[in-house]
Amino acid sequence: MEKILLVSANFIKNVTNIDDNMPGKLIEPAIYEAQNEGLRTVLGDALVDRLEELVRTDEIDQEGYEMYKALLTKCQYYLAYTVMANICMLTAVKVSPAGLEQVSDEHMEPLDMDDSFRLQSFYQKKADYLCHQLQNYVLNNKEAYPELRECDCKMMKSNLFSSATTGLWLGGVRNPNRYNSYRRK
């Protein structure tokens with residue numbers, strides 16, 4: 001089965017401060033994880049599958065698919081910063097037969113783990129903000145995406161109202177007033 005990535009390593013390098021020499025060996029698995037564990041939770045399988053199909057067949061750039069193209073662009077920014085949050089730890093620590101090792105270069109001084117966690121938190125907050133923007137876009141344009149009407153997945157609908165990544169969440173709606181206003185539509 002062919003992996004379809006909705007964002008490229010080059011796009012991530014262009015919109016973030018990731019080094020141009022960062023190998024795809026690290027970036028592509030992080031993209032795949034962000035897309036299949038993050039984005040699918042937010043948009044649902046049907047809509048992500050549709051985006052992947054449109055990208056695979058190059059239909060996304062054709063006339064009549066402007067709403068999908070706009071959605072893809074919002075997804076790409078969300079994915080870029082989610083990848084950055086994930087990559088912070090992948091590049092700071094290496095798992096080897098001898099155990100965990102801190103990665104370093106003789107000409108560079110690596111950040112300590114506390115600074116790595118702070119940087120990861122910074123990127124995660126940006127990803128959360130972009131996720132919130134993505135959710136609002138989808139909620140405001142849900143009629144344009146038949147995949148949202150055809151797939152009445154309770155889990156996906158609840159995730160369209162909660163984008164923050166925090167240490168503690170008890171499962172309720174983050175902003176009940178917003179939820180109720182969308183529910184009435």
Side-chain angles (χ1 to χ4, degrees), residues 1-88 90 123-165 173-174 178-179 181-183 185:
M1 185 172 167
E2 180 185 8
K3 285 184 187 178
I4 305 296
L5 300 179
L6 298 178
V7 67
S8 69
N10 286 336
F11 179 87
I12 294 170
K13 289 176 183 180
N14 287 335
V15 299
T16 67
N17 65 342
I18 194 169
D19 192 281
D20 286 339
N21 294 322
M22 178 69 71
K25 176 183 173 184
L26 291 175
I27 297 175
E28 288 184 10
I31 294 171
Y32 188 76
E33 180 181 337
Q35 183 173 313
N36 287 298
E37 293 179 17
L39 190 61
R40 281 188 184 277
T41 304
V42 174
L43 297 181
D45 290 335
L47 190 50
V48 173
D49 288 345
R50 179 70 171 144
L51 285 173
E52 288 177 354
E53 181 64 20
L54 290 172
V55 167
R56 187 185 67 73
T57 60
D58 289 327
E59 289 179 76
I60 195 88
D61 293 321
Q62 294 179 5
E63 190 174 324
Y65 294 102
E66 292 82 9
M67 291 300 290
Y68 288 100
K69 179 72 172 178
L71 177 61
L72 178 64
T73 300
K74 293 193 176 298
C75 290
Q76 288 174 329
Y77 281 93
Y78 162 73
L79 290 170
Y81 284 96
T82 302
V83 165
M84 288 300 293
N86 292 342
I87 254 180
C88 285
L90 293 175
Y123 285 121
Q124 188 61 59
K125 285 177 184 173
K126 286 187 80 89
D128 290 345
Y129 170 77
L130 292 165
C131 181
H132 179 71
Q133 297 296 335
L134 175 62
Q135 291 167 327
N136 284 339
Y137 175 80
V138 170
L139 287 168
N140 290 330
N141 297 287
K142 62 186 172 194
E143 297 303 317
Y145 303 105
E147 297 81 7
L148 293 176
R149 292 188 305 272
E150 294 165 4
C151 176
D152 195 21
C153 177
K154 220 174 183 182
M155 184 180 135
M156 187 208 59
K157 281 188 175 179
S158 66
N159 281 329
L160 285 175
F161 297 101
S162 176
S163 61
T165 302
V173 176
R174 300 253 186 228
R178 178 179 295 135
Y179 180 73
S181 69
Y182 284 118
R183 181 180 270 179
K185 289 183 182 179

Problem set entry | N136 and H132: CA distance, side-chain angles, deciding distance, side-chain hydrogen bond (donor to acceptor under 3.5 Å, both in side chains) verdict | CA-CA 6 Å; N136 284 339; H132 179 71; 3.1 Å; yes
Problem set entry | Reported CD1-to-CG distance for the pair I4 and L54, which is rounded to 0.5 angstrom | 11.0 Å
Seminar exercise, completed: On a heavy-atom basis, the closest approach of I27 and A9 is CG2-CB, 3.8 Å
Exercise. Taking all non-hydrogen atoms of both residues, which atom of M67 and which atom of Y137 are closest, and how far apart?
Worked result: CE-OH, 3.4 Å
Seminar exercise, completed: Output for pair (R40 CZ, D45 CG), nearest 0.5 Å, gives 5.0 Å
For this session: Would you check if there is a donor-acceptor pair between the side chains of Q133 and Y129 at a distance under 3.5 Å?
Result: yes
Exercise. For C131 and V42, which heavy atoms make the closest approach, and how far apart are they?
Worked result: SG-CG2, 3.7 Å
Problem set entry | With N10 via side chain to side chain donor-acceptor pair (under 3.5 Å) - residues at least two apart | none
Problem set entry | Minimum heavy-atom distance between I87 and L26, given as atom pair plus value | CD1-O, 3.9 Å
For this session: Carefully, step by step, assess I31 and I12 under the rule side-chain contact (heavy atoms from CB on, under 4.5 Å).
Result: CA-CA 10 Å; I31 294 171; I12 294 170; 3.6 Å; yes
Seminar exercise, completed: Separation between CD (E52) and CD (Q35), nearest 0.5 Å, reads 5.0 Å
Problem set entry | Gap separating the OG1 atom of T16 from the CZ atom of F11, nearest 0.5 angstrom | 9.5 Å
Problem set entry | Pair Y78-Q135, side-chain contact (heavy atoms from CB on, under 4.5 Å): steps then yes or no | CA-CA 11 Å; Y78 162 73; Q135 291 167 327; over 6 Å; no
Exercise. Is the shortest distance from a Lys or Arg side-chain nitrogen in E53 or R56 to a carboxylate oxygen in the other one below 4.0 Å?
Worked result: yes
For this session: For residues A85 and Q124, report the shortest heavy-atom separation together with the two atoms involved.
Result: CB-OE1, 3.6 Å
Side-chain donor-acceptor distances from residues 69-77 under 3.5 Å, at least two apart:
unit_1	atom_1	unit_2	atom_2	d
K69	NZ	D61	OD1	2.9
T73	OG1	K69	O	3.1
Q76	NE2	L6	O	2.9

Problem set entry | Over all atoms of both residues, closest heavy-atom pair of L130 and Y81 | CD1-CD1, 3.4 Å
Seminar exercise, completed: The reported gap from CG in L51 to CD1 in I60 (rounded to nearest 0.5 angstrom) is 5.5 Å
For this session: Please round to the nearest 0.5 Å and tell me the distance separating atom CD of Q62 and atom OG1 of T57.
Result: 7.0 Å
